[in-house]
Amino acid sequence: MNGNIVGKVPIGECKATVVYMSGYLPGAASEKSPILSPVPVRLSAAVHGGDSWKDVCGGGCGFAMAISEKGKLITWGSTDDEGQSYVASGKHGETPEPFPLPTEAPVVQASSGWAHCAVVTETGEAFTWGWKECIPSKDPVGKQQSGSSEQVSPASQGSNAASGTTLQNENQKVGEESVKRRRVSTAKDETEGHTSGGDFFATTPSLVSVGLGVRITSVATGGRHTLALSDLGQIWGWGYGGEGQLGLGSRIKMVSSPHLIPCLESIGSGKERSFILHQGGTTTTSAQASREPGQYIKAISCGGRHSAAITDAGGLITFGWGLYGQCGHGNTNDQLRPMAVSEVKSVRMESVAAGLWHTICISSDGKVYAFGGNQFGQLGTGTDHAEILPRLLDGQNLEGKHAKAVSCGARHSAVLAVVLTRRN
């Protein structure tokens, strides 16, 4: 969400790369007014020496993030007097500056939610900071914090997580979260233990541990949950899960440590092997299950309260909040477990991006599919009607175009496409 760009697009030969910004970045605009037209973003002297822009990562509420060619995380636009979310990127104001990370390894990918951030380094490590409830516990048993809901420990990751036997206390579905001002915890506070759970922001990045020897290749951040994709094609999740966005078969509100999400369950062996997805609260038989070819997950995305993934064979999987049809299963129910989107089972998907209430996918042949909430026209269908099933966008603007990358904000979408040339 908030600018998760999915898909690699070659820039080609160019003399320089330029980043432009617009919108509400309170620390980067005079009198904190919205920036109505795109303006160039200048790298500071501290960064610019032999370095340049490589990728933009979007930002959370009131700040922007990018990665330099040398692998530095660059942030700007934040301020410290507009509420807690803006300090998640550091107090860099209008000047883009490197964000301090506890590693020298180059950053290869970054993502931000409403008020938390996560990055992945070249060495396969992931770091996260911001809302304390979005930061996984360093305690390997995932101790329950005061005032929070049921926690899940890593010990329950295997078959117990798949069967749901460890997730017995389902919490009541909650409505819109209330916005609370939170005190920011400094590195000194965190070191000396002067924090009190969810009442603090953590500005010091914490290392995410998902198991000895496991390398993380990408991260995705939602409203209050985070997903990490490992080099084995497995998804790990933590944070808030009240609508099923962690895919654990329950409305468990808070998972304090990374938990393996059972997206693909292997049955059989050898050439007979197939993979099935869970539906509902139990594991179904092969005859009942929604089959999705593939052996691992290759792409992930987080929406406000739902999640999406793509398998290596191009299958689309969704789970979580479904009120606006953003899971694409033909209804508005919450999907508590990962489930294949059967409407596009014959379409090979390449990338996916999730917004607050909607989801956009791109197929291998460059077609765009959209579903979910459409109050602001974010689906691009030409109307403001919601879609509970994936809808192929076939408007005139996309005619003769091949979509390559997609990004979703909370209430808008962006697709990068190339013009197809006709051969005589």
Side-chain angles (χ1 to χ4, degrees), residues 1-6 11 16-48 51-101 106-120 127-131 134 184 201 203 205 218-223 226 301-302 304 353 355-356 405-414 416:
M1 194 183 70
N2 293 322
N4 294 333
I5 294 180
V6 184
I11 298 176
T17 53
V18 182
V19 169
Y20 291 87
M21 65 178 174
S22 60
Y24 185 60
L25 292 166
S30 59
E31 299 181 357
K32 301 175 184 175
S33 57
I35 302 171
L36 301 181
S37 299
V39 297
V41 182
R42 310 293 183 187
L43 280 173
S44 65
V47 181
H48 200 280
D51 209 347
S52 60
W53 299 108
K54 179 182 179 181
D55 192 14
V56 288
C57 312
C61 294
F63 61 91
M65 299 172 65
I67 299 174
S68 76
E69 283 288 351
K70 291 186 176 180
K72 296 178 181 178
L73 181 68
I74 311 298
T75 63
W76 73 96
S78 58
T79 181
D80 60 354
D81 59 356
E82 288 289 316
Q84 72 280 4
S85 63
Y86 301 125
V87 303
S89 70
K91 304 171 185 177
H92 294 152
E94 63 181 343
T95 305
E97 294 181 4
F99 185 88
L101 295 170
V107 172
V108 296
Q109 192 246 333
S111 180
S112 60
W114 289 338
H116 74 289
C117 305
V119 299
V120 178
F127 296 87
T128 184
W129 64 97
W131 267 350
C134 298
V184 176
F201 252 79
T203 57
S218 66
V219 287
T221 51
T226 308
S301 185
C302 290
L356 179 58
V406 59
S407 177
C408 289
R411 302 173 181 88
H412 72 281
S413 307
L416 179 64

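When every heavy atom of Asp51 is checked against every heavy atom of Glu69, the shortest pair comes out as OD1-N, 3.2 Å. Contact detail for Cys57 and Ala66: the closest heavy-atom pair is SG-CA, 4.0 Å. Considering every non-hydrogen atom in both Ser111 and Val219, the closest pair reads CB-O, 3.9 Å. Looking at every heavy atom in both residues, Gly223 comes nearest to Trp131 through O-CZ3, 3.8 Å. Between Ala110 and Leu73, the shortest heavy-atom distance links the atoms CB-CD1, 3.8 Å. The minimum heavy-atom distance between Ala220 and Cys302, with the atom names listed, is O-SG, 3.4 Å.
Proximity of a side-chain donor or acceptor of Thr221 to a complementary backbone N or O of Ser112 within less than 3.5 Å is detected. The closest donor-acceptor contact from the side chain of Thr128 to the backbone of Cys117 lies under 3.5 Å.
Applying the side chain to side chain donor-acceptor pair (under 3.5 Å) rule to Ser218 yields no partners; only residues at least two apart in sequence or on another chain are considered.
Proximity of Leu356 to Trp114: side-chain heavy atoms (C-beta onward) are separated by under 4.5 Å at one or more points.
The CD atom of Glu97 sits 7.5 Å away from the OG1 atom of Thr75 when rounded to the nearest 0.5 Å. We find the CG-CE distance between Asp55 and Met65 to be 10.5 Å, quoted to the nearest 0.5 Å.
The aromatic rings of Trp129 and Phe99 sit parallel to each other, their planes meeting at less than 30°, with 60° as the upper class boundary.
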